[in-house]
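To start, the structure under review is shown below, and the notes come after it.
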There are 2 protein chains.
Amino acid sequence: MSSRALPYRPHNHDACVSHALAEARAICQQQNARLTPTRERVLELIWQSHKPLGAYDVLAKLTSEGHNAAPPTVYRALDFLQQYGLVHRIASLNAFTGCTHAGKHHTGMFLICRACGNVLELMESSVTTAIENAASAEAFQPEAITLEVAGLCPGCQADQHHE
Amino acid sequence: MSSRALPYRPHNHDACVSHALAEARAICQQQNARLTPTRERVLELIWQSHKPLGAYDVLAKLTSEGHNAAPPTVYRALDFLQQYGLVHRIASLNAFTGCTHAGKHHTGMFLICRACGNVLELMESSVTTAIENAASAEAFQPEAITLEVAGLCPGCQADQHHE
DNA sequence: CAAGGTTTGCAACATTATAACATTTGCAGG
DNA sequence: CCTGCAAATGTTATAATGTTGCAAACCTTG
Ligand SMILES: [Zn+2]
Ligand SMILES: [Zn+2]
Ligand SMILES: [Zn+2]
Ligand SMILES: [Zn+2]
């Protein structure tokens, strides 16, 4: 099955990263936001794989690179990146992952593999609609949706059988 | 509109509590689980309103009652209660709320009012189905769904206009 | 260059959660 | 009733995650 989504199979991940960075630069330029070196580097670190990274993981990488960083350094960069829709926070993991639909208006739905840790972000309007309908039925006005599904990705389901 | 869900209107909340406690006792008895005094008290504290309570809020109440409690006391009780489906953890708030569908097999969907803090737990099979379908389309095997919707409850939408 | 806003450095602190080990409690079998 | 085991609790310390406040550095724009 070669139609599996990117995180679930070997792929040229450098392409993911450079695409994400290019998009980020475009989006920030368009909105007059300053993608400073620290912010860009944090984004790049977040994108180093499809596994979400904790703020303190990012911090460790920064300091190991000689960057003089403290927790606020990282959290501020992450706040900025979230604000411009370049990264998402995964509440159930206390971790951050690069947005794969940057620029497009969307509500993220995250498939989180508990075995390999990779995350796939989906943009399913049918799901969003179902959620909004359920909220409407209670006269509730939704503003932000947190939707995170933990389970096994295709690759890790296969691995289960070999054990 | 008197058909609004309980958390969103004045109601006899003592009935909510005693119902929840009765259910908890029944469920634990049925499963040979020990609803010890501490566990029961924690459940009762969680149920003191429809606003989720942080673990340290619970801890503070316990100690203020003279109970000799430390963080593990509370987390252990909460783990137990979660295990038997009596409370849910709200990941986006790092807080806990009583389950309003205890006993029934369900995936909770939480409507969280950012103004008043009340939470309504829904059980919407249409939403669950849409999520599972989206996961299936990526050959992902879901195990646990975190679905939390932040926004404004009916009451607080009305309050907005008065400001 | 001078003023004013934005970004960063830095130190301290706050909040949430877990680890490790000793002690007590409830209960089943002798 | 005892005895011994497993489950539950007490206790202390520590880990992990996130925030506040203030001063210095840095753009940008007139
Ligand atoms: Zn990739
Ligand atoms: Zn996997
Ligand atoms: Zn109630
Ligand atoms: Zn409200």
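Per chain, numbering begins at 1; letters A, B, ... match sequence-line order.
- At whole-Å resolution of the value, NE2 in A:H67 and P in C:dT7 are 15 Å apart.
- In this structure, B:Y56 atom OH and C:dT18 atom P are separated by 10 Å, rounded to whole Å.
- The two residues A:R39 and A:R34 have their closest heavy-atom pair at NH1-O, 2.6 Å.
- Between the CD atom of A:Q82 and the P atom of D:dG18 there is a distance of 10 Å, given to the nearest Å.
- Atom CG of B:L59 is separated from atom C1' of D:dT12 by 14 Å (rounded to the nearest Å).
- By the 30° and 60° cut-offs, the orientation of the rings of A:H13 relative to A:H50 is perpendicular.
- Within 3.5 Å, a donor on the side chain of A:R76 pairs with an acceptor on the base of C:dG9, or the reverse.
- One interatomic measurement links the two molecules: CG of B:D79 to C1' of C:dT16, which rounds to 13 Å at whole-angstrom precision.
- Pairing each heavy atom of B:H88 with each of B:H106, the nearest pair is NE2-NE2, 3.3 Å.
- A:Q157 contributes a side-chain N or O that, together with a main-chain N or O of A:L152, makes up a donor-acceptor pair within less than 3.5 Å.
- Residue B:R39 has a polar side-chain atom (N or O) positioned under 4.0 Å from OP1 or OP2 of D:dT9.
- Within the structure, a side-chain polar atom (N or O) of A:N94 is placed less than 4.0 Å from OP1 or OP2 of D:dG18.
- The interatomic distance linking B:E40 (CD) with D:dA8 (C1') rounds to 16 Å, in whole Å.
- Comparing C:dA17, C:dC10, D:dT11 by their nearest atom to the side chain of A:P72 picks out C:dC10.
- The main-chain N or O of A:T100 is found under 3.5 Å from a side-chain atom of A:E121 such that the two form a donor-acceptor pair.
- Note on A:R34: only backbone sugar-phosphate atoms sit closer than 4.0 angstrom, heavy atoms only; bases stay farther off.
- At the phosphate of C:dC10, OP1 or OP2 sits under 4.0 Å from a side-chain N or O atom of A:N68.
- Residue B:F96 contributes atom CZ, which lies 13 Å from atom C1' of C:dT15 at whole-angstrom precision.
- Dashed line: the shortest gap from a side-chain N or O of B:T38 to OP1 or OP2 of D:dA8 is not under 4.0 Å.
- Remark: A:T73 is not in phosphate contact with C:dC10, judged by side-chain N or O atoms under 4.0 Å from OP1 or OP2.
- Look at CG on A:N32: it is 9 Å from P on D:dT29, rounded to the nearest Å.
- Here C:dT8 is the nucleotide among D:dT19, D:dA8, C:dT8 with the atom lying nearest to any side-chain atom of A:T36.
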